[in-house]
Amino acid sequence: MSMIRFSKDHEWIRVEDGKGVIGITDYAQAQLGDVVFVELPEMGATLMKGDEAAVVESVKAASELYAPVSGEVSALNQALVDDPALANSQPMDDGWFFEITLNDLTELDELLDDEAYEAYLAELG
Amino acid sequence: MPMNRTGRPSHSGEGTLPAPFESFSGHRGLRHEEPLIFEIGDARHSGVDIEDAGDFQTALGGLERNGSIGLPGLSEPQTVRHFTRLSQKNYGIDSGFFPLGSCTMKHNPRLNEKVARLPGLADIHPLQPQSTVQGALAVMRDLSHWLMTLTGMPAVALNPKAGAHGELCGIMAIRAALEARGDARKIILVPESAHGTNPATAVFCGYQVKAIPAGPDGRVDLEALKKALGPDVAGIMLTNPNTCGLFERDIIKIAEAVHEAGGFFYCDGANFNAIVGRVRPGDLGIDAMHINLHKTFSTPHGGGGPGSGPVVFSEALAPYAPLPYVVETDDGLALHEHHQGADDQSFGRLVAFHGQMGMYVRALAYMLSHGHDGLRQLAEDAVLNANYLLAELSTHITASFTGPCMHEALFDDRFLKDTGISTLDFAKAMIDEGYHPMTMYFPLVVHGAMLIEPTESESKATLDEFIASMRGLAAAAKEAAETGKTERFTAAPHFAPLRRLDETLAARQPLLKWTAPTPSQAAE
Amino acid sequence: MRYLPHNDRDRQAMLKAIGVASIDDLFADVPKAARLSSPLDLPSHKSELEVDRLFRDYARRNIPAAEHAFFVGCGAYRHHIPASVDYIIQRGEFLTAYTPYQPEIAQGTLQYLFEFQTQIANLLGCDVANASLYDGSTACGEAILMARRITRGRKKAILAGGLHAHYGDVVETITQYGDEQVIRLQPLADDPARDLQNLIDSIDEETACVVVQTPDLFGHLHDLGPLAEAAHAKGALLVAVVTEVVSLGAVKSPGEMGADIVVAEGQSIGNGLNFGGPYLGLFATREKYVRQMPGRLAGQTRDADGKRGFVLTLSTREQHIRREKATSNICTNSGLCALAFTVHMTLLGEKGLRQLAMINHKKATQLRAALAGIDGVEVLNQSYFNELCVRLPGRADALVEALAGQKILAGVPASRLYPQRPELANILILAITETVSEADIALLAGALRDYLATPGIKER
């Protein structure tokens with residue numbers, strides 16, 4: 001049974017069996033505009049929550065994707081590197097960035113659930 | 001992910017206007033299609049006559065270059081035509097009004113070009129014996145004198161090669177001064193409205209950047225600044241007049257507060273044009289300031305360089321200025337090129353030689369032409385022109401702040417609200433009107449910024465034409481929103497050599513050099 | 001004032017429209033204490049004729065290269081520039097344009113930058129080149145910072161002894177406040193092989209890059225192959241520097257020899273001596289490093305009608321977007337100098353460049369022969385392109401001063417660049433290009449012979 005959580009930095013993480021797949025939200029991709037380049041972390045890298053994990057660039061902006069939880073990078077989405085437009089067209093599925101093997105599942109409690117993230121977006125206007 | 005967004009859309013325009021017909025040549029009258037030199041030249045042709053060296057015993061250490069290099073040649077007439085046609089696809093100050101905010105696109109006098117080409121000034125080598133270049137050293141000395149007098153500062157480093165390079169020079173001097181007194185401060189304060197080069201420079205010199213918010217009047221919030229100051233603050237980088245086109249009213253108090261906290265005050269002098277001859281930065285408490293010779297002193301922008309960014313220094317920073325610099329000796333002028341002894345505190349060398357001599361000559365010619373009276377008058381006219389545009393345009397286009405402004409006026413996109421037309425669309429429509437658009441989406445402190453800097457070079461008639469055109473566009477935008485026919489804007493430009501370009505494609509599949517087509521491509 | 005269009009009537013009308021009484025009202029935000037009340041102590045305005053005279057006077061106090069037998073090089077070279085180059089760069093559409101931020105009305109600039117980038121990449125033997133930097137020395141500094149980014153965490157840069165002294169100084173200056181570690185090897189005028197070996201021996205696991213110049217400061221040519229191999233074996237990058245790009249019409253490019261980043265001073269093509277600036281920094285590298293590259297880049301794309309066009313691209317590396325995270329603080333290139341380069345290179349073409357390079361080299365062999373025949377002069381080069389160094393029996397700077405009085409600029413004394421190295425005091429570096437005649441060589445050789453025959457010279 002998978003669960004999905006969001007960060008206030010507009011990242012999502014879908015967790016199943018202690019592994020979390022991470023990407024950027026639809027809101028984030030819309031704000032960035034056409035994504036032209038993505039740089040992913042190294043396979044096997046250890047990330048602490050809040051570390052700079054990936055870079056996403058559009059024509060007009062460059063942003064870092066911070067690790068929403070701590071853990072070890074256990075998979076990378078090479079298809080996204082080859083076709084960064086996936087981050088725009090399918091941000092929540094084929095446009096995923098990388099997978100992390102979580103150290104501490106309780107870190108997820110600090111993130112937002114679906115409803116809370118929606119409310120947060122509404123606040124941003 | 002924090003989004004450092006500028007709000008600038010990047011899509012290419014939609015919609016089109018039909019051409020009457022296609023010409024057989026692909027050209028349209030004076031508007032020529034021009035291929036790349038790689039498509040019209042080849043390795044066998046040349047536009048120079050150089051004798052063949054013939055057979056001789058070479059000494060190239062067995063490193064002869066044998067294979068093809070990939071450099072096509074053209075005869076002289078073909079070369080001249082190629083580059084002339086390219087030039088005709090460009091907009092320069094000579095072509096028309098170029099109100100690009102923060103860039104000071106003023107007239108470039110041709111006298112300056114002429115004197116910079118005198119063989120006695122152009123055909124001299126930086127490492128010739130100094131006895132053979134006394135005139136060149138005198139140009140550097142006299143330019144220094146003008147810059148120090150105009151700014152009221154006791155020292156100047158001429159060598160930085162651009163404004164951003166000047167910033168680097170200034171912040172390095174600050175760091176050197178702090179280190180000399182054993183003071184390892186870590187933070188540079190930078191207002192939100194600053195040029196992007198300011199924070200980049202501070203980080204380059206090993207500092208952390210702390211942003212200072214702007215107050216509602218578009219100026220630095222003095223109280224917020226005072227709160228941010230402390231024993232860890234090395235200094236502040238402040239643009240004055242600032243990038244909203246406003247004079248920082250509290251600047252003297254800012255300088256006092258920074259000095260009291262033991263820091264230094266770096267001023268970004270990009271906008272010196274507004275105050276030259278009327279205000280001396282030295283009287284404002286500044287420790288270092290770069291001056292863009294390519295802005296205030298009219299050396300040509302040249303499509304993006306070469307620039308020149310001398311930095312003036314206060315007494316406190318003067319000892320740390322970079323090498324080399326001109327000194328007076330018993331034998332005439334000399335270049336101080338190397339550290340001499342332990343008490344020589346210069347932070348070192350920034351460029352291979354002495355800086356942008358070609359720009360020094362042009363800038364000095366400009367200063368001598370104007371004199372102190374003409375420089376003061378040009379600042380006044382630049383400010384007058386900007387305020388005239390602010391007054392005449394703010395009836396139709398939303399001004400971000402009330403006047404008076406200095407040399408540039410800031411507008412934003414509130415007047416386009418609900419029209420479906422963005423600042424970018426509006427700017428592209430200005431191209432169809434025959435203008436170079438203003439600076440857009442900068443500064444970041446207002447939404448959809450439009451920063452208009454007319455400079456003193458423009459006549460009232462030019463400004464009146466521009467005002468009429470801008471008012472017309474603003475009215476057309478409102479009307480377009482009502483009828484839903486926004487193509488005039490969203491598909492603009494219609495009359496430029498090219499339509500809107502796809503920046504996304506360029507960035508996703510970077511094609512940064514020409515490569516020969518494969519046989520299958522060639523067959524297409 | 002001839003550059004200001006307004007008359008007082010215009011000014012009054014505009015003040016009225018603004019709604020203020022006087023120009024002073026527009027400067028109301030300036031603190032009273034900072035308003036200048038009296039005129040500055042500077043001269044008042046001058047006519048075009050007067051200014052023209054003043055500059056002729058400045059110019060008269062210099063001795064231009066054309067009036068000498070001229071052998072000065074060391075990073076700036078006097079070549080003949082075809083007349084049409086200066087004509088093109090003075091066209092107002094190029095001269096008075098800004099950075100091409102509005103590509104629809106800046107295709108002229110963007111297309112020549114694309115042509116320039118292609119010429120540079122091919123000339124230096126690399127995949128990609130940028131749209132230029134300030135000059136060769138700052139490009140060298142940027143290359144070291146880039147190598148640092150690529151090799152993540154490695155801090156050490158090792159500079160060959162044959163790297164131009166000023167380039168080494170610039171590198172030291174700009175890295176002094178970072179945590180980079182810069183190691184400068186000893187300059188060896190007479191032993192280029194040892195210089196290269198020292199470089200190879202210095203490479204370790206901490207090394208981000210090694211920096212080598214060819215032809216080097218003393219004119220020696222280097223085969224970079226073994227150095228590239230040694231650097232790569234330890235995971236370091238090879239940065240190659242070229243200060244005389246005409247050499248690349250005769251000598252293998254650094255890219256072909258395995259360099260990862262190649263920087264150069266491009267002044268030799270299209271740009272005059274100008275007493276040291278403005279010059280033209282060239283920067284090229286491998287495709288895989290392009291996002292780590294500093295400076296502007298023009299790229300090809302299409303417009304809304306599908307027509308080919310060019311834009312500035314990959315600008316997310318730059319400071320107007322990344323601000324404090326930019327790859328560099330550089331914001332300009334040397335646009336007009338790049339145009340001069342591209343026009344001159346188009347006129348030359350591959351054929352002209354090769355001919356030019358071989359004429360330069362041939363002249364250098366003639367110079368070498370003339371110098372080698374002079375008693376007391378020891379030529380230190382086995383390999384060279386158009387620059388040589390010699391060891392004299394006495395100080396080289398004294399010789400240069402003495403010959404300047406005879407309308408001969410004999411070269412650069414190594415002490416001008418290394419005043420604190422007594423072992424280089426007698427070293428003279430001489431460059432020769434197509435602009436130097438055989439008569440000039442004979443003049444130099446004669447004067448040198450006479451000078452050295454003067455009693456007491458060798459003891460100075």
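Predicted, not measured: the structure shown is a model, and the values here were computed from it. Lettering of chains follows the sequences in order, A, B, ..., and the numbering in each one begins at 1.
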Which atoms of [X] are under 4.5 Å from chain C, going by heavy atoms: the side chain, the backbone, both sets, or neither?
X	value
B/Leu36	both
B/Ile37	both
B/Leu150	both
B/Glu392	side chain
B/Leu100	side chain
B/Pro129	both
B/Asp42	neither

*asked:* The criterion is side chain to side chain contact (heavy atoms under 4.5 Å, CB included); which residues satisfy it with C/Leu54, sequence neighbours excluded?
replied: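 Only B/Leu368, C/Lys46 meet the side chain to side chain contact (heavy atoms under 4.5 Å, CB included) criterion with C/Leu54.
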*Partner set under side chain to side chain contact (heavy atoms under 4.5 Å, CB included) for C/Asn62, not counting sequence neighbours*: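 By the side chain to side chain contact (heavy atoms under 4.5 Å, CB included) rule, C/Asn62 matches B/Leu121, B/Ile124, B/Val133, B/Ala136.
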*Roughly how far, to the nearest 0.5 Å, is CZ of C/Phe70 from CG of C/Leu409?*
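These two atoms lie 6.0 Å from each other.
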*Calculate, to the nearest 0.5 Å, the distance between atoms CD1 and CG belonging to B/Ile50 and C/Leu356 respectively.*
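Reported value, rounded in 0.5 Å steps: 4.5 Å.
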*Whether over 12 other heavy atoms sit under 6.0 Å from C/His6 NE2*: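 Counting other residues, nucleotides and ligands, NE2 of C/His6 exceeds 12 neighbours.
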In terms of heavy-atom pairs under 4.5 Å, which option from [options] contacts chain B the most?
options	value
C/Gly272, C/Gly309, C/Ala250	C/Ala250
C/Leu26, C/Leu40, C/Asp169	C/Leu26
C/Val311, C/Leu221, C/Val412, C/Val72	C/Val72
C/Gly92, C/Pro278, C/Cys74	C/Pro278

_B/Arg278 vs C/Leu36, side-chain contact (heavy atoms from CB on, under 4.5 Å): CA-CA, chis, key distance, verdict_ = CA-CA 5 Å; B/Arg278 274 198 75 112; C/Leu36 275 176; 5.7 Å; no
*Decide side-chain hydrogen bond (donor to acceptor under 3.5 Å, both in side chains) for C/Thr96 and B/Asn108; before the verdict, give the C-alpha distance in whole Å, the side-chain angles of both, and the deciding distance to 0.1 Å.*
CA-CA 7 Å; C/Thr96 74; B/Asn108 301 149; 5.1 Å; no
*asked:* Given heavy-atom pairs under 4.5 angstrom as the criterion, report whether the side chain, backbone, both or neither of C/Pro82 touches chain B.
replied: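 The side chain, not the backbone.
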_CA sep, side-chain torsions, deciding dist, call: C/Glu115, B/Phe83, side-chain contact (heavy atoms from CB on, under 4.5 Å)_ = CA-CA 11 Å; C/Glu115 293 175 341; B/Phe83 289 102; 3.9 Å; yes
